[in-house]
Amino acid sequence: MIRLNNIHKSYEMGSNSLHVLKGIDLNIEQGDFVSIMGSSGSGKSTLLNILGMLDNYDKGTYHLSGNLIANMSEKKAAKYRNDMVGFVFQSFNLISFKNAMENVALPLYYKGVPRKKRNQIAMEYLEKLGLKEWANHMPSEMSGGQKQRVAIARALISQPKIILADEPTGALDTATSYEVMEILKEINASGITVIIVTHEHDIAAMTRQIIRLKDGLIHEIIRNGELKQFQKNYMKELETA
Amino acid sequence: MFDLDLWNEIISALKKNRLRSFMTAFGVFWGIFMLIIMSGAGKALENGVLDGVKAFATNSAFFWTERTSIPYEGFQRGRRWNYENTDIQYILENVKEVEYLSPRLFGNQQAGNNTIRGERTGAFNVYGDYPDYFKIDRWTPVKGRLINEIDILQERKVCNIGERVVEVMFAKDEDPIGQYLKVSGVYFQVVGIIHAETEINIGGGKKEETIIIPFSTMQTTYNYGNVVHFFSVTSKPGTKVSDLEDKLKTILKNRHKVAPDDLQAIGSFNIEKEFLKFSALFLGIQVLTWIVGIGTLLAGVIGVSNIMLVIIKERTQEIGIQRAIGATPAVVIKHIVAESVFLTVMAGYIGLSLGVGVLELLNQILLNANSSGDGMFFRNPEVNLTMALSALGVLVVSGIIAGLIPAKRAVSIKPIDAIRDE
């Protein structure tokens, strides 16, 4: 599904350049539930943005569903994003002057779906996420958890192959975070690849694979079998702390 | 080409950002509104002033006699002299540049009440004229007819009278046509009531208080012999009336033994010169209107550009989000440009309509205040539609550019940076 080969990325910061990713090799299969962890500055958000075609990379190759993603025109990238990827952001990033239903329906507008039809589909997704009664509310009238659910509905409406979530629980309290993670788990169960960036161990522990980044390189990959061990270690860390 | 969905999106975006939309629209609205009001007012002033003079032949010149100031051919200085009937014939036969020529006699105006009808009396200006005079200084018959060539040939005792003369000499329900007026002791039959088309008055007094009788009748009836007091002349197309004025003065001086270098003996003026003064005045007003108009328009354009820039800055994040969920740059640019064009066109249209409406209202008020419509210096405010539309065009184009430049910038940065832009 996703094949990363020796991905490099640096940012120009005035005169000096910041080498963020120093050669990432990564395979993610269809239906995986992956979390990317790492301390701040380790490049996890950059990696996610490259995966989501929101950012380009300097060196290496990135294949998505067998297609090489490189030097794409903005138009083509937009189409790929619209077809393949759904985004969930830490700060929700809803359009403030559109209500919940219109926000959810927006990706379909760019696909050219007629207004009536896309609003109807948006209502279905809102209903799935338990927000039917909030369809006509503006983002400013909703709680963080509700906003994030609207954002998830918006990510899902274009029926993407991958959901990319950048700190989806970063702005939420624990109980709401777990609710959101349950939703993401359900989405993953329906066969969609879910990749989240987080720095919270308990959130990462709910995924089926953890990729730990350190200084722009993959430090370790914790897979299914080892997850239990990770959870145990994590509990121990919590106790000692 | 009409994309209902696009317009739904645009209108809902505008509706939900009321203040922003209003501020943008107001800049355009105000620019157009002020331009319309100003150009309308300028035009109204021009109409008001020119209305009093425009019917007057601009290629006309006028001559009268004064006392000589230089002794010449045995005559002393200070001699009083007059034009004569032979001058008329001579000029008409020999000066080809003359289009119309009308001699005039001034009646006895110092005599107090010179006109009598039964128990009614009045003091009016009495002139003896040729029919051609009506072509130089335009008069129209309100009722009856103008004096004509046959009146001149047969020396008929007929007259044309102004509106004020009718008021004074006749009762309200009387028909003056066919009635007789005793003017300086002689009866004249009224054949027409005439209305002056211009405010320019030669000979003094009010134009409504005029009695015009045939020139030949006046000469014979009042014993003027072959004396002519006054000449009105128009030049043929292609001849400057100033040149004609000089030429006729030389001829007349020569025929009456007046020194060629006597500047005082012949009084004259030509309307062309006066018109040039007017033209210069209105050119000035027009230039001023344009300068202020372009200034206002420029302020409107800068206002629109400024607000669009602010809007785009405000919307960078929104644009980032839209692109993250699949909007292509073309779609984003299309939206922003369509939004600004829609706003400017709507606002411009409202400004245009309201400006025209205010001018029309002003016109009505002025008309009501002065129902006769005469002597108004502010009339018929009208708008140059071409100018208004091209002003609107300028605003729309600047709206597009104002939207396009920041929109291009907004889509040129990476969507992720746009999203992070706080």
Side-chain angles (χ1 to χ4, degrees), chain A residues 11 45-46 48-56 72-99 102-119 138-140 151 154-158 160 164 166, chain B residues 1-24 310-336 338-339 343 407-422:
Chain A
Y11 288 113
S45 284
T46 305
L48 193 78
N49 291 334
I50 288 173
L51 289 177
M53 292 162 285
L54 288 176
D55 209 343
N56 48 8
M72 279 194 307
S73 72
E74 186 44 51
K75 194 178 166 188
K76 210 170 157 200
K79 192 178 177 332
Y80 266 101
R81 280 199 291 268
N82 199 296
D83 288 344
M84 304 284 291
V85 189
F87 287 95
V88 177
F89 300 96
Q90 177 178 2
S91 49
F92 323 127
N93 285 340
L94 301 176
I95 308 270
S96 59
F97 60 84
K98 288 178 181 290
N99 67 26
E102 288 165 342
N103 261 292
V104 174
L106 203 55
L108 292 186
Y109 168 68
Y110 298 122
K111 278 191 169 175
V113 179
R115 189 183 189 81
K116 231 179 177 168
K117 183 139 184 246
R118 65 172 191 262
N119 282 347
M138 305 306 277
S140 58
R154 185 179 65 184
L156 287 174
I157 199 166
S158 54
L164 296 174
D166 190 359
Chain B
M1 196 54 217
F2 187 75
D3 184 350
L4 191 67
D5 242 21
L6 171 76
W7 289 105
N8 271 327
E9 283 295 307
I10 286 167
I11 288 166
S12 79
L14 287 175
K15 262 192 195 160
K16 303 244 165 85
N17 298 287
R18 271 170 209 275
L19 183 67
R20 190 172 82 187
S21 310
F22 176 77
M23 296 305 277
T24 314
V310 172
I311 288 172
I312 299 301
K313 209 149 187 213
E314 211 178 276
R315 291 174 84 174
T316 305
Q317 197 185 11
E318 181 194 318
I319 291 166
I321 298 166
Q322 286 172 343
R323 290 172 66 200
I325 61 180
T328 58
V331 168
V332 172
I333 290 173
K334 193 166 89 180
H335 266 229
I336 291 168
E339 237 181 83
L343 261 189
K408 279 230 149 144
R409 196 191 65 95
V411 296
S412 70
I413 57 175
K414 279 179 294 191
I416 190 63
D417 293 334
I419 293 173
R420 285 209 189 108
D421 189 78
E422 297 292 334

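Since the structure is predicted, the reported quantities are computational estimates derived from the model, not experimental observations. Quick note on labels: first sequence line is chain A, next is B, and so on, each numbered from 1.
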Taking everything shown except A:K117 itself, do over 12 heavy atoms lie less than 6.0 Å from its NZ?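 Not more than 12 within 6.0 Å, no.
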[X], part contacting chain B, at a heavy-atom distance under 4.5 Å:
{"X": "A:M138", "result": "side chain"}
{"X": "A:P114", "result": "backbone"}
{"X": "A:F89", "result": "side chain"}

Is a donor from one side chain sitting under 3.5 angstrom from an acceptor on the other, for A:Y109 and A:N119?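 Absent: no donor and acceptor within the cut-off.
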Does the side chain of A:Y110 come within less than 4.5 Å of B:T328's, by heavy atoms? no
Residue that, paired with A:K111, satisfies side chain to side chain contact (heavy atoms under 4.5 Å, CB included) out of A:L106, A:I157, A:D83: A:D83
Contacting region of B:A330 [heavy-atom separation from chain A under 4.5 Å]: neither
Residue selection (most heavy-atom pairs with chain A, distance under 4.5 Å) from B:G320, B:P329, B:A327: B:A327
Expected output: side-chain A:N49 to main-chain A:L54 donor-acceptor under 3.5 Å: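 Flag not set: sc A:N49 to bb A:L54 has no pair under 3.5 Å.
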